[in-house]
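Below is one structure, written out as structure tokens; the observations come after it.
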Number of protein chains: 2
Amino acid sequence: MVSSEKIDTTEQKILEAAKNVFIRKGMYGARMQEIADEAGINKALLHYYFRSKNKLFEAIFQEIFQEFVPKAFSILKAQIPFEEKIRQFVANYIDVVAENPFMPIFIINEINQNPERLAHLTNVMSAIKVEVASDLNRKFETGEYRKVDPVQLFSSVISMTLFPFLAKPIIQGAFEYSDEEFKVFLQERKQLIPDIILNYLKI
Amino acid sequence: MVSSEKIDTTEQKILEAAKNVFIRKGMYGARMQEIADEAGINKALLHYYFRSKNKLFEAIFQEIFQEFVPKAFSILKAQIPFEEKIRQFVANYIDVVAENPFMPIFIINEINQNPERLAHLTNVMSAIKVEVASDLNRKFETGEYRKVDPVQLFSSVISMTLFPFLAKPIIQGAFEYSDEEFKVFLQERKQLIPDIILNYLKI
DNA sequence: GTCTATATTGTGATAGAC
DNA sequence: GTCTATCACAATATAGAC
């Protein structure tokens, strides 16, 4: 219990509340009043700690990137067999996002509206590209895998993993899945996505 | 030139402008002033033709669904071999969305914010599920394909096809793709996605 | 630091002349 | 039908007491 030391300082309460509201509603949809309510304070205090809504938002966005992105991508750097890496990455990614289901649409929206925010991400991503590329190249040289563009492959894995979260209401609505059935649907993908990808790579 | 008859009526100009602005900014982010500017008129006229912002938005949303969704999904009903169907679907979908790149994120956002809007979509989607399911079942019974959940499969195809549009700035930023390189990236997926999927299905 | 009260600005919507 | 001017309200931001 050492980790959550002093999470009850006002600034922390604001950051926590703002994170929830911004992720649910986005920069445009979020209201300072709602953030204040969720933090159990009033609007004036928000401006006392962070000069403006925009400043608060940028602080949140930074925090999310430093916390969420590494958590989702860390496994790719592990020293384990490539197939295991893919399986663990997908399974871990699904679990992490399942706990933060609004995160993907939030990140995609805010980056689409303001691509400069990407600055935080490029280093992480290009490191991943190098990592995946070298893994794939090793396997190609031993004749195990076919030659494949690492970016195309990585994009395909991410697509299949993340998209169902973005389209959750569409999938649930269109195929009449209950919340429980949708959870099962997600869990099944931990097996299916690596199967699809590895099946394509081999030979 | 018969098709574009009377596209210059004020109502048409409003609808066109509103479509552009709403798709770019979403219901929350869009401003009536911006729509008026883009239509070359003033705000008052917007309210004359459509009582409120919300009414205008719903009109746009309907129009988009009746135009865009069928255009993207029509091929799945064609009487052609399943493999050809997948290839054409992906290629067609990529082309259609490439011409309307903000459409997916718009639809996903608005449905996430108001799932009732899905009403327009469920019929189309469940028809597709039946179609894909019967195709897959035929192939399974002849021993050509493995047994597979049609929803999982369909979701995977859609994911790999649509997600790159949603993540365009991320992909471009992370992998330093120019606009031209990103176009090539998308075109390559017309081949890759069906290859991945069909490779998994066979045996 | 935290509050209440108020200023300021932005935005959807309406009134009324033409 | 189209415009200018204005209203009404919501939301961000600030002033000032405690």
Side-chain angles (χ1 to χ4, degrees), chain A residues 4-64 102 106 109-110 112-114 116-117, chain B residues 4-64 102 106 109-110 112-114 116-117:
Chain A
S4 59
E5 176 188 344
K6 274 219 313 183
I7 203 166
D8 280 343
T9 164
T10 302
E11 186 169 353
Q12 282 302 319
K13 279 193 295 183
I14 292 176
L15 284 170
E16 184 64 21
K19 199 163 95 176
N20 292 336
V21 176
F22 275 131
I23 287 174
R24 277 201 310 268
K25 304 288 184 71
M27 167 63 184
Y28 275 114
R31 295 288 164 256
M32 294 297 266
Q33 184 62 61
E34 192 176 350
I35 295 172
D37 290 347
E38 185 141 338
I41 55 167
N42 58 42
K43 286 184 293 177
L45 259 193
L46 294 180
H47 287 91
Y48 175 79
Y49 279 92
F50 304 84
R51 273 185 56 82
S52 68
K53 181 184 181 181
N54 207 53
K55 287 259 181 27
L56 177 55
F57 178 84
E58 295 300 338
I60 296 295
F61 200 78
Q62 295 251 5
E63 200 189 78
I64 285 171
F102 292 99
F106 168 75
N109 271 320
E110 301 308 331
N112 266 284
Q113 270 162 38
N114 189 352
E116 288 93 71
R117 293 182 183 128
Chain B
S4 60
E5 177 189 344
K6 275 218 316 181
I7 203 165
D8 281 345
T9 164
T10 301
E11 187 169 352
Q12 282 302 319
K13 279 192 296 184
I14 292 175
L15 284 170
E16 183 64 22
K19 199 163 97 177
N20 292 337
V21 176
F22 276 131
I23 287 174
R24 277 201 310 268
K25 304 288 184 69
M27 167 64 183
Y28 275 114
R31 295 287 164 257
M32 294 296 266
Q33 185 61 62
E34 192 177 350
I35 295 172
D37 291 346
E38 186 142 337
I41 55 167
N42 59 42
K43 284 187 295 177
L45 259 192
L46 294 180
H47 287 91
Y48 175 78
Y49 279 91
F50 304 83
R51 274 185 56 83
S52 69
K53 181 182 182 182
N54 208 53
K55 287 260 184 21
L56 177 56
F57 178 83
E58 295 299 339
I60 297 295
F61 200 78
Q62 294 254 3
E63 198 187 80
I64 285 170
F102 292 98
F106 169 75
N109 271 321
E110 301 309 329
N112 267 285
Q113 271 162 38
N114 188 352
E116 288 94 70
R117 294 185 182 126

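Chain identifiers are assigned alphabetically (A, B, ...) following the order of the sequence lines, protein sequences preceding nucleic acid strands; residue numbering begins at 1 within each chain.
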Which residues in residues 17-37 of chain B have a heavy atom closer than 4.0 Å to any atom of DNA chain C?
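Those residues whose heavy atoms fall under 4.0 Å from DNA chain C, taken from residues 17-37 of chain B in numerical order, are A30(B), R31(B), M32(B).
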
Residues of residues 39-49 of chain B with any non-hydrogen atom less than 4.0 angstrom from an atom of DNA chain C: list those, numerically ordered, please.
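Only K43(B), A44(B), H47(B) qualify.
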
Answer whether the closest heavy-atom distance between the side chains of [X] and [Y] falls below 4.5 Å.
X	Y	result
F50(B)	L15(B)	yes
Q113(B)	Y28(B)	yes
N109(A)	M27(A)	no
F22(A)	I35(A)	yes
H47(A)	M32(A)	yes

Could you give the start and end, 5' to 3', of the contact zone on DNA chain D for chain B, using atoms under 4.0 Å from its heavy atoms?
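Here the contact window of chain B covers dG1(D) to dT4(D).
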
Quiz: residues 57-64 of chain B side-chain donor-acceptor pairs under 3.5 angstrom, not counting sequence neighbours:
residue: E58(B); atom: OE2; partner: R117(B); partner atom: NE; Å: 3.4
residue: E58(B); atom: OE2; partner: R117(B); partner atom: NH2; Å: 3.4

Got a sec, which residues hit salt bridge (charged side-chain N to carboxylate O under 4.0 Å, His left out) with R24(B), two or more places apart in sequence or on another chain?
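Counting only residues at least two positions away or on another chain, R24(B) forms a salt bridge (charged side-chain N to carboxylate O under 4.0 Å, His left out) with E34(B), E38(B).
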
Let's go through Y49(B) and L56(B) carefully: what are the C-alpha distance in whole Å and the side-chain angles of both, what is the deciding distance for side chain to side chain contact (heavy atoms under 4.5 Å, CB included) to 0.1 Å, and is it a yes or a no?
CA-CA 9 Å; Y49(B) 279 91; L56(B) 177 56; over 6 Å; no

Heavy-atom closest contact (A39(A) atom, K13(A) atom, distance)
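Distance-wise, the nearest heavy atoms are CB-O, 3.8 Å.
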
Could you give all pairs that pass the salt bridge (Lys or Arg N to Asp or Glu O under 4.0 Å) test and reach residues 42-57 of chain A, with sequence neighbours left out?
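Of all non-adjacent pairs touching residues 42-57 of chain A, none passes salt bridge (Lys or Arg N to Asp or Glu O under 4.0 Å).
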
